[in-house]
Protein chains: 2
Amino acid sequence: MAEALTAEHILTTTEDVLRRYGPAKATVVDVARALGVSHGSVYRHFPTKAALREAVTERWLEQAHAGLKEIAESDAPAPEKLRSWLQALFDAKRKKALGDPELFATFEVLAKENSDVVAEHVREMVEQVAAIVGDQRTAQAVFNATERFHNPVHAADWVEDDVQDKFDAVCDLVIAGLEAS
Amino acid sequence: MAEALTAEHILTTTEDVLRRYGPAKATVVDVARALGVSHGSVYRHFPTKAALREAVTERWLEQAHAGLKEIAESDAPAPEKLRSWLQALFDAKRKKALGDPELFATFEVLAKENSDVVAEHVREMVEQVAAIVGDQRTAQAVFNATERFHNPVHAADWVEDDVQDKFDAVCDLVIAGLEAS
DNA sequence: CGACTGACAGATTTCAATATCTGTCAGTCC
DNA sequence: GGACTGACAGATATTGAAATCTGTCAGTCG
């Protein structure tokens, strides 16, 4: 570790440690050890363990949903655009949940710990839907109606072999509802 | 306890014990003690502790959703009927969750333990929706779209003072979608 | 001076012993 | 005979002492 110790560097290492030890056992001392510094140094960059984990949560959410904004801002017709935005969100979540279940479980714990960070992120997601459907209340309704396909608490259901069809059915219903109004 | 020991009697007492001690600490010995019999007697009626708790779960689900069937079988027009069925389901759940949060938490634990019982119950609920909307796939979609307002994992959100409005928004969207098809 | 260390107090977690519980069954009692 | 008991083996939970962790800060080092 000849490099200067940066917040960025600590975050990356914390992710590694979380991946390796899991959310229950990963300690600040572990992170410091992995960085080759004393744990006091970590506390110069993050005031508490909770703040460190919160920062990790923010980063994860950010990169997990990269690419959605582009879809929301593309100029396809609203119904198709909404469908592909929702599908992209579902695909991203599902891929994470099924690809590395242990890491996903770790993320779930962090997400529960930092529900305010998650809430803010959800707010941004709904904002993107509002940009597609044009109306805040409807956007919230669309987001809520598809909760089963993006909220991690339902991840266990995403292995069913007919999830995609269930997703399509809800999408069909929601989009039909939008076009009716 | 001059009365004969019946399965029914054991179930009622088990509910009491669960209410008093919570799901983690309630034991078969506690139930037997409350009944004034030895725990061996309880095992004459239920093969395992798990079976006993499963039976309690079934009873709870049953009585929690009493009255829904009547709405599903009434002869109001489909859209209103669907709305009042969904509203009745939401009201029942919300009342339980807010009225006695501790008991509801106990129920949540039992529900997780006995997910197959819950799954069967959900199947019946979807059946009732299908009787209203006429089609299985759509019924499933309606049920999934309103998940946020009946699945206990979302109970924490039911205290928000705008839940009812969020519920109405989803209902509006879903019902508009139904009428469009 | 400012990045970093390491020893420290109090809080939290781990671990192993002890106690309790689950499920069985031979035996009691009406 | 059939409902019930209570002692038992193995599994699970509780407890309290010891180990580790969190967060602080006076002090080192370049």
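Just so it is clear: chains get the letters A, B, ... in the order the sequence lines come, proteins before strands, and each one is counted from 1.
Separating the CG atom of A:L35 from the P atom of C:dT5 is a distance of 10 Å, rounded to the nearest angstrom. Rounded to an integer number of Å, the gap from A:L5 CG to D:dC29 C1' is 17 Å. Between the NE2 atom of B:H9 and the P atom of D:dA3 there is a distance of 17 Å, rounded to whole Å. Put simply, CZ on B:R53 is 11 Å from P on C:dG23, counting in whole angstrom units. Separating the NE2 atom of B:H45 from the P atom of C:dG23 is a distance of 16 Å, rounded to the nearest angstrom. Summarising the geometry, the separation between OH on A:Y21 and P on D:dC21 is reported as 10 Å, rounded to the nearest angstrom. In this structure, NZ of A:K25 is placed 12 Å from C1' of C:dC15, rounded to the nearest angstrom. For A:Y43 and C:dT5, the OH to P distance is 15 Å, given to the nearest whole Å.
Once rounded to the nearest 0.5 Å, the distance linking NE2 of B:H154 with CZ of A:R148 reads 11.0 Å. Here the CG-CG distance, from B:D16 to B:L35, works out to 9.5 Å after rounding to the nearest 0.5 Å.
A salt bridge does not link B:D157 with B:K166: every distance from a Lys NZ or Arg NE/NH1/NH2 to an Asp or Glu carboxylate oxygen is 4.0 Å or more. Residues A:E127 and A:K69 are not paired through a salt bridge, judged by the lack of any N-O separation under 4.0 Å between the basic side chain and the carboxylate.
No N or O donor and acceptor, one from the side chain of A:H39 and one from the base of C:dG6, sit under 3.5 Å apart.
Phosphate contact (OP1/OP2 of C:dT5, side-chain N/O of A:S38, threshold under 4.0 Å): present. At D:dC4, none of the side-chain N or O atoms of B:R44 fall inside 4.0 Å of OP1 or OP2 (strictly under the cut-off).
Of all nucleotides listed (C:dT22, D:dC21, C:dT5), C:dT5 comes nearest to the side chain of A:V37. In this structure, of D:dT22, C:dT22, D:dC4, it is D:dC4 that holds the atom nearest to the side chain of B:S41. With distances taken from any side-chain atom of A:T48 to the nucleotides D:dT22, D:dG23, C:dT22, the minimum falls on D:dG23.
Residue A:V29 is classed as a base contact, given a heavy-atom separation below 4.0 Å to a base.
Side chain to side chain, B:T27 and B:D30 meet the donor-acceptor criterion of an N or O pair below 3.5 Å.
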